[in-house]
Amino acid sequence: MSSGLALKSEPSPIIACTVSSMVHHFGLLIEDMETELGEAWGDLGFEEARDFINALEPGNLEFVALAVREEDEADLGRVGEVIRAARSKEIKVILIPENLSTAGLRELLRLGADDFVPYPLAEGALHDAIEKIRAKPVPAPVPDLPADGPAAPATGQRLDTQSAIFAVQNLAGGTGATTLAVNMAWELATIDKTNPPSVCIIDLDLQQGSVATYLDLPRREVMLEMLQDASNMDTDGFKQALIGFEDKLSVFTTPSEIVPLDIIGPDEVSAVLDLAAQCFDIVIIDMPRTMVMWTETVLNRADMYFATLELDLRSAQNAMRFIKALQSEDLPLDKVQYVLNRAPGMTDLNGKTRMKKMAESLGVSFSNQLPDGGKQVSQACDNGEPLADSAKKNPLRKEITKLADGLFKAMVGDVKAKGK
């Protein structure tokens, strides 16, 4: 192989090159490139590859093998620049990822990589990838995209009415608030194939928020600044802060670092909700378990406030304290919908009795009873996938679908009523 500037002076015609931050880390790739191309290839770093490709005439290079390590994921922007440069010069891209996250891999493929072969390379895998891309037509160039995460989908009011705001808060750790928020947001975003509502999920659990984790999305450092300066932000700036999930759901993630919950106040939260309501039909907020000075702000703005709990003593005690706190501040308790997670099944008579006694002692009713989804739920969360993608027939997913369907029908009915 040839390296660096030798790419331009090697007598043998160069038809491909590897691009990586450390080519010698990918020993198997070097061996396979030599087997496939002999001396007709070279290797480059990310920065020099971009400049080298930009100086080429279209079609001068057949393909680049883009080797990306886990350590490179912190700066996917420069990797994306190589892909865009290759696309602009009609050069195919084979992605060679090593320990790359699902979100990172998805983003690089979306930028225009033609194929990917995980590293370490299986026998014959590179050969098959080369044959595959040679059979594919050259794709068109893609527009510039944000370097630190997939772009949010197009926003705008679809239902031509005031946005609906739903908040979710757990009354005890592990009662499924974020799982409910994420999957409810996804079900609403995909509920109507012909005219889907625009949906945004906002993670306001600034210390332990995991919406980004459950959707395998990066956390942007700019989020804290956006939250603190929300009062001076316009809708364009707000949209740029969002990250898209599969071109259907927009996500406002937590900051990349843990910050105090009181670093923002009611004014900042109100400004964020104003911006979200201007851009989306449906806004879903994942709240921290701790009650803060801006909990009242969200509760007053929300159309429904879902509080998740389980059939145990800690949930009952926390729910009682939650109810007393709202009553003491004269806050709208009628907006709160109590969601019992891991609810007893139809044949669990003892569990049904305990559920009835718990509801009576709290003076509430359980508007939704979510079944235990089992290991599939934790696996979906770990893989950064909604249940609709990884476990479509899961009983928990079915109940969340029913909940989303009821909310959407209520919204559509409200639109029709206002139109009369």
Side-chain angles (χ1 to χ4, degrees), residues 1 15-37 40-46 49-50 53 61-87 91-136 138-139 142 145 147-150 212-218 243-247 376 378-386 389-391:
M1 75 175 185
I15 63 173
C17 68
T18 59
V19 180
S20 68
S21 58
M22 188 181 296
V23 69
H24 293 293
H25 175 80
F26 296 91
L28 294 176
L29 175 60
I30 294 175
E31 292 178 8
D32 284 1
M33 289 289 285
E34 290 177 346
T35 299
E36 296 296 322
L37 305 175
W41 68 283
D43 70 278
L44 294 167
F46 291 118
R50 180 193 59 193
I53 292 172
L61 206 63
E62 185 177 354
F63 71 90
V64 294
L66 193 59
V68 185
R69 301 186 298 156
E70 182 179 11
E71 291 81 353
D72 300 320
E73 193 162 1
D75 190 12
L76 284 184
R78 62 174 183 168
V79 184
E81 289 177 357
V82 175
I83 295 177
R84 285 192 288 268
R87 289 284 297 271
I91 300 169
K92 304 289 184 61
V93 178
I94 299 175
L95 187 63
I96 313 291
E98 182 187 40
N99 298 328
L100 213 57
S101 71
T102 303
L105 178 60
R106 185 188 300 122
E107 172 64 3
L108 294 180
L109 290 172
R110 199 171 79 89
L111 284 173
D114 297 278
D115 198 5
F116 77 96
V117 184
Y119 193 86
L121 298 174
E123 184 176 356
L126 183 64
H127 172 82
D128 293 341
I130 293 173
E131 293 301 311
K132 182 178 178 181
I133 65 166
R134 282 173 173 167
K136 290 177 62 175
V138 177
V142 294
L145 296 170
D148 55 349
T213 302
Y214 285 10
L215 293 174
D216 199 13
L217 297 173
I243 301 177
F245 180 77
E246 296 190 8
D247 296 325
Q376 287 182 325
S378 59
Q379 290 171 351
C381 294
D382 289 344
N383 293 332
E385 299 174 329
D389 288 350
S390 62

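Sequence positions, counted from 1, serve as the residue numbers for this chain.
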For L215 and P386, work out which heavy atoms get closest and say how close. CD2-CG, 4.3 Å
Measuring from atom OH of Y214 to atom CZ of F245, what distance do you get when rounded to the nearest 0.5 angstrom? 14.0 Å
Working to the nearest 0.5 angstrom, can you tell me the gap between L126 CG and T35 OG1? 9.0 Å
Just so I know, are the side chains of P218 and I243 near enough to count as touching, which here means a heavy-atom distance under 4.5 Å? yes
If you define the side chain from C-beta out and look only at heavy atoms, does anything of V64 sit under 4.5 Å from I94? no
Would you check if the side chain of D389 reaches a backbone N or O of E385 as a donor-acceptor pair within less than 3.5 Å? no
Shortest non-hydrogen contact between L95 and A113, atoms and distance: CB-CB, 4.2 Å
Test item: E73 and V68 side chains (from C-beta on) under 4.5 Å apart, heavy atoms: no
Return the CD to CG distance between E34 and L29, rounded to the nearest 0.5 Å. 10.0 Å
Report, as yes or no, whether the 6.0 Å neighbourhood of atom CZ on F116 holds more than 12 heavy atoms from other residues, nucleotides or ligands. no
Could you grab the distance from atom CG of L121 to atom NE2 of H127, nearest 0.5 Å is fine? 13.5 Å
Between V19 and G45 the two heavy atoms that sit nearest each other are CG1-O, 3.9 Å
Keeping the roles fixed (side chain from D114, backbone from V93), state whether a donor-acceptor pair exists under 3.5 Å. yes
Under the criterion side-chain contact (heavy atoms from CB on, under 4.5 Å), I'd like the reasoning laid out for C381 against Q376: C-alpha separation, chi angles, the key distance, then a yes or no. CA-CA 9 Å; C381 294; Q376 287 182 325; over 6 Å; no
Exercise: identify the closest heavy-atom pair between C17 and M33: C-CE, 4.4 Å
Using the six-membered ring wherever Trp is involved, compare the ring planes of H25 and Y119 and label them parallel, tilted or perpendicular (cut-offs 30° and 60°). tilted
Shortest non-hydrogen pair, V117 vs P97, comes out as O-CD, 3.3 Å
Please determine if D115 and K92 form a salt bridge, counting it only when a charged side-chain N lies under 4.0 Å from a carboxylate O. no
Is there a side-chain contact between L37 and I15 (heavy atoms, below 4.5 Å)? yes
Distance-minimising heavy-atom pair for F63 and I133: CB-CD1, 3.6 Å
Value for CZ (F26) from CZ (R69), rounded to nearest 0.5 Å, stands at 6.5 Å
Any chance you could measure S20, atom OG, to D72, atom CG, to the nearest 0.5 Å? 8.0 Å
Suppose we screen for salt bridge (charged side-chain N to carboxylate O under 4.0 Å, His left out). Which residues come up paired with E98, at least two apart in sequence or across chains? none
Report yes if some heavy atom in the side chain of L66 is under 4.5 Å from a heavy atom in the side chain of V79; otherwise report no. yes
Taking it one step at a time, do D43 and T18 satisfy side chain to side chain donor-acceptor pair (under 3.5 Å)? CA-CA 5 Å; D43 70 278; T18 59; 5.2 Å; no
Carboxylate-amine/guanidinium proximity below 4.0 Å for R134 and E131: yes
